[in-house]
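This report concerns only the one structure given below.
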Amino acid sequence: MYAYIDGKLVFKCPAYVVIEAGGIGYHINISLNTYSSLPETERCKLFTWLHVKEDAHTLYGFADEGERRLFLHLISVSGIGPGTGRMILSSISPEEIQTAIVKGDLPLIKRIKGIGPKTAQRLILELQDKLKKEGIETLTAIPQYNSAKEEALAALVMLGFAKNVAEKALDNVSQNQKEQGLLSVEQLIKSALKNL
């Protein structure tokens, strides 16, 4: 519902912040990783996710889009709720978490408070392939694309296609369309989808 909240940082502590935007103060739960990334200035922007339950609506905030994406992967695993997801992100850095899951580092994951052996195994089992496909570079704040082809590839991977399969489809499109000049990102994606 809320992509991000940008406003005046009214209050911050390791567990949550209050950001005033448009005359409204938003109470946003954060991880220690986000807390350490917060600026010392008054202005603050956090990427957010809204958790809706019968008895509460809770906002979670993240220093960058990559951390939010990893958080959403973590809470997609059965038995891991937003509180545990935040605990994981507070225990070790997002890059370390992603690397541990991809490499199947069970001992490191089990050391995180609130994660037992079964949950650690479930994390690896359910997320290893997804995170391998995305790669560590997806944890950067804002993806930088040097070409329309790179942007199209990123979009296809986000749609759920394997990176190597999407690359082959885009290569085929590029070879078939050379005589027509440069294609836009949208044209590349549409043509590649026909080949997938």
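This structure is a prediction, so every number in the text was calculated from the model and none was measured.
- Closest approach of Ile19 and Cys44 over heavy atoms only: CD1-SG, 3.8 Å.
- In this structure, OG on Ser31 lies 10.0 Å from CG on Leu70, to the nearest 0.5 angstrom.
- Checking side-chain atoms of Thr34 against main-chain N and O of Ala63 turns up a donor-acceptor pair under 3.5 Å.
- A pairwise comparison of heavy atoms in Ala120 and Leu106 identifies CB-CD1, 3.6 Å as the closest pair.
- Between Phe71 and Phe62, the two ring planes are tilted [angle within 30° to 60°].
- Between the side chain of Ser90 and the backbone N or O of Leu32, at least one donor-acceptor pair lies under 3.5 Å.
- No side-chain donor-acceptor contact under 3.5 Å links Glu20 to the backbone of Gly25.
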Please evaluate residues Arg43 and Asp6 with respect to the criterion side chain to side chain contact (heavy atoms under 4.5 Å, CB included), reporting the C-alpha separation (whole Å), side-chain torsions for both, the decisive distance (0.1 Å), and the verdict.
CA-CA 7 Å; Arg43 192 143 185 92; Asp6 188 351; 3.5 Å; yes
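- The two atoms that bring Pro94 and Glu67 nearest to each other are CG-CG, 4.1 Å, heavy atoms only.
- Remark: side-chain polar atoms of Ser36 are paired, donor with acceptor, to backbone N or O of Asn33 under 3.5 angstrom.
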Before giving the answer on ring pair (Phe, Tyr, Trp, His ring centres under 6.0 Å), spell out for Phe11 and Tyr16 the whole-Å C-alpha distance, their side-chain angles and the decisive distance to 0.1 Å.
CA-CA 8 Å; Phe11 176 80; Tyr16 70 92; 5.4 Å; yes
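- Residues Ile5 and Val10 fall into different hydrophobic clusters, defined by Ile, Leu, Val, Met, Phe, Trp and Tyr side chains chained together at heavy-atom separations under 4.5 Å.
- Between Ile97 atom CD1 and Leu127 atom CG the span is 11.0 Å, to the nearest 0.5 Å.
- Within the model, atoms CD1 of Ile109 and CZ of Arg111 stand 10.5 Å from one another, a figure rounded to the nearest 0.5 Å.
- When hydrophobic clusters are built by joining Ile, Leu, Val, Met, Phe, Trp and Tyr residues whose side-chain heavy atoms come closer than 4.5 Å, directly or via intermediates, Tyr35 is grouped together with Tyr26.
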Determine all donor-acceptor pairs shorter than 3.5 Å in which one atom belongs to a side chain in residues 72-88; sequence neighbours excluded.
{"unit_1": "His73", "atom_1": "NE2", "unit_2": "Glu134", "atom_2": "OE1", "d": "3.4"}
{"unit_1": "His73", "atom_1": "NE2", "unit_2": "Glu134", "atom_2": "OE2", "d": "2.9"}
{"unit_1": "Ser76", "atom_1": "OG", "unit_2": "His73", "atom_2": "O", "d": "2.6"}
{"unit_1": "Arg86", "atom_1": "NH1", "unit_2": "Ala15", "atom_2": "O", "d": "2.8"}
{"unit_1": "Arg86", "atom_1": "NH1", "unit_2": "Asn29", "atom_2": "OD1", "d": "3.4"}
{"unit_1": "Arg86", "atom_1": "NH1", "unit_2": "Ile30", "atom_2": "O", "d": "3.4"}

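- In this structure, Glu42 and Leu9 have side chains that are not in contact, with every pair of non-hydrogen atoms separated by 4.5 Å or more.
- Side-chain N/O atoms of Thr99 and Glu96 include no donor and acceptor closer than 3.5 Å.
- Ile28 and Ile24 fall within a single hydrophobic cluster, where Ile, Leu, Val, Met, Phe, Trp and Tyr side chains are chained together by heavy-atom contacts under 4.5 Å.
- With rounding to the nearest 0.5 angstrom, the NZ atom of Lys130 is 11.0 Å from the CD1 atom of Ile101.
- Of the inter-residue distances, the one linking Lys103 atom NZ with Lys132 atom NZ reads 11.5 Å to the nearest 0.5 angstrom.
- A donor-acceptor pair is defined here as one N or O able to donate and one able to accept, closer than 3.5 Å; no such pair exists between the side chain of Arg68 and the backbone of Trp49.
- Leu131 and Leu125 are not part of a single hydrophobic cluster, where members link through side-chain heavy atoms under 4.5 Å apart.
- A pairwise comparison of heavy atoms in Thr48 and Leu59 identifies CB-CD2, 4.0 Å as the closest pair.
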